[in-house]
Amino acid sequence: MRSPKDFFAPLAVGAPDPPRQIPVLPSRMIHFFDPGNEKMATKVPGIAPQVDVLLGNLEDAIRADRKEAARNGLVRIAKSVDFGRTQLWTRVNSLDSPWVLDDLITLVTEIGDRLDVIMVPKVEGAQDIHYVDRLLAQLEARAGLTRPLLVHAILETASGVANVEEIAGASPRMQGISLGPADLAASRRMKTTRVGGGHPGYLVRTDPVGEELDEGRTTYQQDLWHYTVARMVDACAMHGILPYYGPFGDIRDTVACEDQFRNAFLLGCVGAWSLHPAQIEIAKKVFSPAPRDVAWARKVIGAMGDGTGAVMIEGKMQDDASVKQCRVVAELADALAARDPELAEAYDAATEEALAE
Ligand SMILES: CC(C)(COP(=O)(O)OP(=O)(O)OC[C@H]1O[C@@H](n2cnc3c(N)ncnc32)[C@H](O)[C@@H]1OP(=O)(O)O)[C@@H](O)C(=O)NCCC(=O)NCCSC(=O)C[C@](C)(O)C(=O)O
Ligand SMILES: [Mg+2]
């Protein structure tokens, strides 16, 4: 019988040990592509060096009669393309679909050594993760894999949100969670018809001045996703896994996409999905801390010595808690700079300038 002490023990004889820590690799954008779409597939080798994560999508957005083509296409691409340091993920079909069993069997058996993370859609509770966890262990053992596959859940059902903490902690394989705003809206019976983003009808209005109700009252659009993203971030932080904003469906509206991504970044998310090449640069810009913020963070860390006590910098009080926030920004910047010489240069130049002030 398994006890809580067996949390890190393999779930099948011969399966690799589950991870003790989730690797924190750059994953500013999870770039979705349809591996069965020839036009998109030919673009993959060119896109790979520009993105942190490439994801071969098998679920929604792939027509029912193209499911096998997508699955086989992903196997072919994973075997033939060199992704360098870019991670390769997949999104399998939902657990109640006729395709998911073949998705998992085929992918783990054929390309389990090339895949980093398996994204599971429409997760309702820990039981869904436990099912995938055991099945992956059996398949890993059969395929002779030595590195455990990680699991990423999409938060896109009302019960998934209600159970988000137990989902985040359901398995040592849990790598992260993404918001799935479209399915979540449907599951909650929200009256939106969009894939992510705001809605002009969801607003607050200033009080009336005098008797006139229709004039001079400013409205402010509110963020439909604030509650869910904040809850997801807390659940992920509590379990040492990574939170992501999901898709922004209005490809044309690059401005609002950037805003939505930035809200998620500021609240604690590490990345978002790019559905179209046009969204890659947006995610890169938003989820790489700005040079001026990195410079400030490094300046505070430098001034705070061992990180205790209080000092004043440019009129602002700094103490143990503000230096911790600065470390979050500086450590992310260092990790990204280690892979991106352009960013490294921008961060160093801004830091030099800030220290000279
Ligand atoms: C939106 C679509 C239809 C517009 O595709 P298009 O061909 O009409 O656009 P385009 O602007 O004409 O494309 C320009 C070029 O870029 C290519 N291209 C276009 N997109 C990509 C891509 N992603 N990766 C690589 N290449 C891409 C495309 O093939 C074309 O190539 P060409 O110049 O040679 O003709 C297309 O971009 C697409 O299918 N993107 C992926 C959609 C997707 O994966 N959706 C599912 C995720 S969102 C979701 O599931 C919700 C969620 C979480 O579950 C929940 O909230 O519930
Ligand atoms: Mg969905």
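One-based numbering, in listed order, for ligands and for the atoms of each.
Annotation for ligand 1: atoms under 4.0 Å from non-hydrogen atoms of Asn57 are 44 (O), 46 (C). The atoms of ligand 1 that sit less than 4.0 Å from any heavy atom of Glu156 are 52 (C), 54 (O), 55 (C), 57 (O). Counting atoms of ligand 1 from 1 in the listed order, those under 4.0 Å from a heavy atom of Ile47 are 25 (C). Taking a cut-off of under 4.0 Å to the non-hydrogen atoms of Leu275, the atoms of ligand 1 that pass are 20 (N), 22 (C), 23 (N), 37 (O), 38 (C), 40 (N), 41 (C), 47 (C), 48 (S). For ligand 1, the atoms lying closer than 4.0 Å to a non-hydrogen atom of Asp183 are 54 (O), 55 (C), 56 (O), 57 (O). Set against the non-hydrogen atoms of Ala61, the atoms of ligand 1 under 4.0 Å away are 43 (C), 45 (N), 46 (C). Within the listing of ligand 1, atoms 46 (C) sit less than 4.0 angstrom from a heavy atom of Asp60.
Within the structure, the closest approach of Pro181 to ligand 1 falls below 4.0 Å when heavy atoms are considered. Using a 4.0 Å cutoff on heavy atoms, His31 counts as a contact of ligand 1.
Shortest non-hydrogen contact noted between Gln87 and Ser27 is NE2-CB, 4.3 Å. In terms of heavy-atom proximity, Glu156 sits nearest to Gly180 at CB-O, 3.3 Å. Pro23 and Leu150 get closest at one heavy-atom pair: CD-CD1, 3.9 Å.
A donor-acceptor pair shorter than 3.5 Å can be found between the side chains of Asn93 and Asp103.
Taking the centre of each ring, His276 and Phe32 stay at or above the 6.0 Å mark.
Relative to the ring axis of Phe8, Arg20 places its NZ or CZ within 45° and under 6.0 Å from the centre.
Around the Mg ion (ligand 2), the two atoms OE1 of Glu156 and OD2 of Asp183 are separated by an angle of 100°, to 10 degrees.
Nearest-residue assignment for atom 15 (C) of ligand 1 (options Glu59, Met119, Lys43; heavy-atom criterion): Lys43. Closest to atom 46 (C) of ligand 1 by heavy atom, among Met40, His276, Arg91, is Arg91.
Residue-to-ligand polar distances place Phe32 within reach of ligand 1: an N/O pair is separated by less than 3.5 Å.
Just one residue in the list Asp223, Val233, Leu184 forms a side-chain contact (heavy atoms from CB on, under 4.5 Å) with Thr228, and that residue is Leu184.
The shortest side-chain heavy-atom distance between Thr351 and Lys299 does not fall under the 4.5 Å cut-off.
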Next item on the list: With side chain to side chain donor-acceptor pair (under 3.5 Å) as the test, would you mind laying out the steps for His152 and Ser178 before giving the verdict?
Entry: CA-CA 8 Å; His152 183 110; Ser178 287; 2.7 Å; yes

